[in-house]
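In what follows, chains carry the letters A, B, and so on, assigned in the order in which the sequence lines appear, proteins first and then strands, with residues in each chain numbered from 1.
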Amino acid sequence: MRDFPLRLRAAKLLELAIMLHHHELAAAVRAALLAAQAGGALPPFDLPDVTVERPRETSHGDYATAVALQLARPARMAPLKIAQAIADHLPPLDYLGEVNVAPPGFINFRLSDAWLQGLPERILADPAAFGRVDHGAGQKAQVECVSANPTGPITLGRTRGGVIGDTLHRALENAGYDVTLEYYYNDAGRQITLLGESVKVRYLQLLGQPVELAEEHYQGDYITDLARELLAERGDALVDVPSDTFAAYARDRISAQQKATLARVGIVFDNYFREASLYETGQVWQTLAELNERGYVYEKDGAQWFRSTEFGDDKDRVVVKAGGEPTYRLPDMAYHRDKAQRGFDLVVDIFGPDHHATAPQVLMGVRALGYSSDFVHTLLHQIVTLVRGGGALKMSTRRGVYVTLDELVDEVGADAIRYFMISRSANSPVEFDLDLAVERSDKNPVYYIQNAHVRCAGIFRKWAEAGLPADADNDADLSLLTHPRELAFLRKALELGDVLETVTTLYEPHRLAFYAYDLAALFHPTYEECRVLHSDVPEPLRRARLRFYRAAQAVFARVLDLMGMSAPEVM
RNA sequence: GCCCCCGUAGCUCAAUUGGACAGAGCGUCGGCCUUCUAAGCCGAAUGUUGCAGGUUCGAGCCCUGCCGGGGGCACCA
């Protein structure tokens, strides 16, 4: 009974030991620096930030630090000697194998094989926790994405933002954050007015009236479809009804459709924040009043202007038009004021390339309202282009020329969409190759990754079909996992925690996609070379490898889940 | 004209935020199916990181100036 808390603590330490070697090693290096100074091996100097990283070149080891190079000047010693002094004073660490010093002054660390061989067991102890980090523990985060007007189908650009946002949402939860995935729903303003007018025109046209859409109206076929629905339901009873009614109907229908479509790719929002609510609660005008009180608003040409130049903008911006109607900026500022008041420690706003210029203005508004904008991270991403047969498909929502997300899901499936949308850094455009996305071969990274999971599952399926005991690997001797392929895979698997830490601190979900691919690329040759069920595999090794593949399957399931993708048993 | 993103192998992109010899995939070339396993594996070739300076122990990454591509600069959102 008395050792229960101790065991908990041991479990916690073990978990950290699995995930966060670079932090632990950095602490150990700091300790070694202090010990070396105390022992006179190093002169006194202020301790620098010690960073331990994974060298790109695997032959250099699993971890490395260049701290000795940084210390050359303050210590006035040769970097190599500093490195050696640190290495000599390093405390013993159970997971560490070889430590060596390399010119011009790197210290390289290698994990011990024995420790790595124990990794499958630690993964299987709690597979859903593998890769978990804790830097967000106790903090509230919000990810805002998509936030499209309910005036048409979800575009591919919004889809990209949505997948980036949802992947980040999953990763942040893995880091301990309490995360709200939010959609800012523009159900007020001019675009909605235009939507209503567009539907009404189509409705009147269906009744044979000689009216035409204006240039700024929505041209897509879905507008006519909505008009047809209204005609079927209400006949000609709406001819003299104002377009507001059409707008409300269209808005709700389109919004429901958007929601359903996004759910098909695994994006389900915790909260739809209605722009109209900012008017209903008076927050829009309250925001204006606060900006005014703080001296950041003035009148010119009948309009109200925000002094954004005080925050570095190249010109001031209109927040209330001469007609008395707010521009989009004012509710946007009110919305972010609300985010600040909701007490989020972290807000990630995800915008497409068409909003690159406006994002900073909102943050200026936040600061003008007296809040720090440090808690907001704006994540801008580039466009998506569809490619088929080697050529790009050019689309335009307003002209009604586009591939809908629904069609894309029908054609390539949700998994491919999820993967390809995060398969590039947000700063790079995505070329979505429709031919590749449905190809069932190793050329298609989606299949390549999922096939790793399938292959693991296949081993256990065969094993069960042969009528062999399902728990045969439970007490396997894992020290038999000595094949270089096996150890290389385990090293990579171990990186998941580091990857997730990077994803959530730099807001770069593409790293997860690259990691998944790299892991699969290490898996397949292992699968090829390290056989299990063969008659010439000795029984103890067979059991150890069963354990290995069971852990490998768990890691792939975990990574696929983090990316919102399915982990199929068969293909 | 101003702002943002990009410029890395033939093509599409990475590169642990300033670290070691710049890496993957596709494409090209060459191998591998009597074994859970070809929807797969192994191997080879490919670079003045757009150009010119600068910062320092060290630059694809930071600074300055050019060149080129994309996007944005509304009292639209």
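- Residue contacts shown for A/E439 are absent, as no nucleic acid heavy atom lies under 4.0 Å away.
- For B/C13, the O4'-C1' to base torsion is more than 90° from 0; the nucleotide is therefore anti.
- Among the atoms of the strands shown, only primed sugar atoms or phosphate atoms (P, OP1, OP2) are found under 4.0 Å from some heavy atom of A/S425.
- Neither side chain, A/E501 nor A/H135, offers a donor N or O lying under 3.5 Å from an acceptor on the other.
- The C1' atoms of B/U46 and B/G23 are separated by 13 Å, rounded to the nearest whole Å.
- Of the charged side-chain nitrogens involved, none lies within less than 4.0 Å of a carboxylate oxygen, so that A/D187 and A/R251 do not count as a salt-bridged pair.
- Using a 4.0 Å heavy-atom criterion, one finds that A/P353 contacts the sugar-phosphate atoms exclusively.
- Remark: ring of A/F106 stacked against base of B/A20; centroid gap under 5.5 Å, plane tilt under 30°.
- Under 3.5 Å, the side chain of A/N451 and the base of B/A38 form no donor-acceptor pair of N or O atoms.
- Comparing the C1' positions of B/G60 and B/C75 gives an interatomic distance of 44 Å, to the nearest angstrom.
- Between the side chains of A/T378 and A/D349, no donor-acceptor pair is found at a separation under 3.5 Å.
- In the interface, the side chain of A/R511 is not paired with the base of B/U16 through any donor and acceptor atom under 3.5 Å apart.
- A syn orientation is assigned to B/U17, its glycosidic angle lying within 90° of 0.
- Here the side chains of A/Y447 and A/D415 are not in contact, with every heavy-atom distance at 4.5 Å or above.
- Counting only N and O atoms by type, the side chains of A/D316 and A/Y298 include a donor and acceptor under 3.5 Å apart.
- Residue-level contact check: A/H524 touches the backbone only, with heavy atoms under 4.0 Å from sugar-phosphate atoms and none from bases.
- Atoms CG (A/D473) and P (B/C36) sit 21 Å apart, rounded to a whole Å.
- If you take atom P in B/U64 and the same atom in B/C6, they sit 15 Å apart, rounded to whole Å.
- A/Q361 has its CD atom 12 Å from the C1' atom of B/A77, to the nearest Å.
- In this structure, A/R440 contributes its side chain and A/M571 its backbone to a donor-acceptor pair below 3.5 Å.
- Remark: A/T327 is not in phosphate contact with B/A74, judged by side-chain N or O atoms under 4.0 Å from OP1 or OP2.
- Residue A/N427 has a polar side-chain atom (N or O) positioned under 4.0 Å from OP1 or OP2 of B/C6.
- Within 4.0 Å (heavy atoms only), A/D332 reaches no atom of the nucleic acid at all.
- B/G71 has no stacking from A/H356 on its base ring, since the centres under 5.5 angstrom apart and planes within 30 degrees of parallel are not both found.
- The CZ atom of A/R54 sits 17 Å away from the C1' atom of B/G19 (whole-angstrom rounding).
- Distance noted for atom C1' between B/G10 and B/C33: 32 Å (whole Å).
- Residue contacts shown for A/E528 include a base, since a base heavy atom lies under 4.0 Å away.
- When the C1' atom is used for both B/A9 and B/U16, the distance is 22 Å, rounded to whole Å.
- Distances were taken from every side-chain heavy atom of A/R56 (C-beta onward) to each of B/C5, B/C61, B/C73; the shortest belongs to B/C61.
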